[in-house]
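So that the names make sense, note that chain A is the first sequence line, chain B the second, and so on, each numbered from 1. All values below come from the heavy atoms of this structure, side chains included, with hydrogens, waters and symmetry mates left out. If you're wondering where the values come from, they're calculated on a predicted model, not measured in any experiment.
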There are 2 protein chains.
Amino acid sequence: MPGNETTELSRARRRGFFNIGEAAAASGVSARMIRHYERIGLIPPANRTFGNYRIYSDNDVHTLRFIGRARKLGFSVEQIELLLSLWQDRNRSSAEAKRLALEHVAELEAKIRELQGMRDALKTLADRCHGDDRPDCPILEDLADASR
Amino acid sequence: MPGNETTELSRARRRGFFNIGEAAAASGVSARMIRHYERIGLIPPANRTFGNYRIYSDNDVHTLRFIGRARKLGFSVEQIELLLSLWQDRNRSSAEAKRLALEHVAELEAKIRELQGMRDALKTLADRCHGDDRPDCPILEDLADASR
DNA sequence: CCTGCACCTTGTCATCGTGACAAGGTCAAG
DNA sequence: CTTGACCTTGTCACGATGACAAGGTGCAGG
């Protein structure tokens with residue numbers, strides 16, 4: 001082919017763009033998940049090079065970092081969608097973000113309480129189990145019988 | 001057809017067997033999950049009536065209750081498989097059951113700590129957010145910037 | 001210029017436990 | 001016999017992620 005479009009990826013890189021692997025390394029979100037977030041619509045479809053490689057700007061990477069941090073705080077993708085729209089809304093009220101955060105805190109606490117309940121029940125049983133060679137075991141007995 | 005095998009389900013019922021719905025109600029494990037546990041091999045394939053309905057004995061229901069309680073304590077199916085084999089082993093040592101229980105307690109505590117970490121981080125941010133009509137919000141700022 | 005390697009593309013399957021639905025068979029009662 | 005409740009199997013879905021496969025792209029070294 002005439003015209004010689006160079007590679008287009010190297011040009012993009014020279015202009016400061018990232019391919020997906022670089023964006024992943026820079027944002028802390030795996031390439032796998034970046035593609036996933038694109039497919040489910042959490043992020044818009046990335047621009048492509050002539051070779052069909054996705055390219056990302058600094059701004060895109062910034063967004064990915066935002067998403068990664070929100071995930072680490074346990075926000076669901078659905079919640080992150082809301083957080084992103086708030087983040088990108090210059091006229092947002094902080095009240096909305098706070099409401100979302102506190103709602104998630106409540107979810108976390110409910111889950112924590114649930115796990116603590118399991119832990120306490122199990123710990124009580126384990127404490128009552130002598131844990132030697134004999135077969136009698138309050139743990140198994142409790143699982144077997146409703147009475148406890 | 002000659003022979004008139006009665007229904008075979010009603011006979012099974014008269015002998016004290018349960019169909020899957022009754023077993024579900026009696027054990028607290030949904031019919032859906034009973035089939036699932038059978039398919040993945042946690043429980044052996046149920047006997048069938050001529051009409052191909054699964055039938056369950058009191059003993060089977062007892063096992064299902066055991067499984068249901070273990071699930072409520074957060075044991076994984078894999079762990080339950082071990083617990084079941086211990087339960088059914090007359091020569092088991094209680095030490096093994098205790099080990100499994102304490103192992104699961106440790107898993108629960110790890111998960112609890114993880115969630116508490118999220119909750120604390122988020123709570124700190126939310127506390128610093130005034131939550132009014134103004135747009136500036138430490139929560140969103142933190143998600144956006146690495147520095148914190 | 002060719003080759004090889006690293007990385008990209010898409011797709012599918014698996015995880016774990018559960019819900020929901022669909023299309024068809026069985027059962028019991030009216 | 002009809003009706004309705006329940007059973008059978010199968011598939012799709014969730015949530016977020018990993019792993020793998022088969023094929024294309026890009027770049028550097030020979």
Strictly distance-based, threshold 3.5 Å: is any side-chain N or O of Arg71(B) a donor or acceptor partner for the main-chain N or O of Phe75(B)? yes

Which whole-number value in Å describes the distance from [X] [atom1] to [N] [atom2]?
| X | N | atom1 | atom2 | result |
| --- | --- | --- | --- | --- |
| Glu78(B) | dC16(C) | CD | P | 7 Å |
| Ile20(B) | dC6(D) | CD1 | P | 14 Å |
| Asn19(B) | dC6(D) | CG | C1' | 7 Å |
| Gln79(B) | dC16(C) | CD | C1' | 13 Å |
| Ile55(B) | dC6(D) | CD1 | P | 19 Å |
| Tyr53(A) | dA6(C) | OH | P | 14 Å |
| Glu38(B) | dT9(D) | CD | P | 7 Å |
| Arg48(B) | dT26(C) | CZ | C1' | 13 Å |

Could you tell me whether the phosphate oxygens of dT12(C), OP1 or OP2, come under 4.0 Å of any side-chain nitrogen or oxygen in Arg32(A)? no

Does dT17(D) have OP1 or OP2 under 4.0 Å away from a side-chain N or O of Ser30(A)?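 It does not, given that no N or O in the side chain of Ser30(A) lies less than 4.0 Å from OP1 or OP2 of dT17(D).
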
Checking dT8(D), dG17(C), dC7(D) against the side chain of Arg71(B) (C-beta onward), the nearest is dG17(C)

Proximal nucleotide (of dC27(C), dG17(C), dT11(D)) relative to the Ser76(B) side chain: dG17(C)

With a 4.0 Å cut-off on N to O distance, would you call [X] and [Y] a salt bridge?
| X | Y | value |
| --- | --- | --- |
| Glu38(B) | Arg35(B) | no |
| Lys111(B) | Glu107(B) | no |
| Glu96(A) | Arg92(A) | no |

Categorize Arg39(B) for me: base, sugar-phosphate, or nothing, with a 4.0 angstrom heavy-atom threshold over every strand shown.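 Nothing, no nucleic acid heavy atom in range.
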
Is Tyr37(B) side chain donor-acceptor paired with the dG17(C) base, going by distance under 3.5 Å alone?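 Not at all, since no donor on one side and acceptor on the other fall under 3.5 Å apart.
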
In terms of ring plane angle, is the pair Trp87(B) and Phe66(B) parallel, tilted or perpendicular, where the classes change at 30° and 60°?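 The rings of Trp87(B) and Phe66(B) lie parallel, inter-plane angle below 30°.
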
For Arg35(A) and Asn52(B), find the nucleotide of DNA chain C closest to each by heavy atoms; which residue's nucleotide sits nearer the 5' end? Arg35(A)

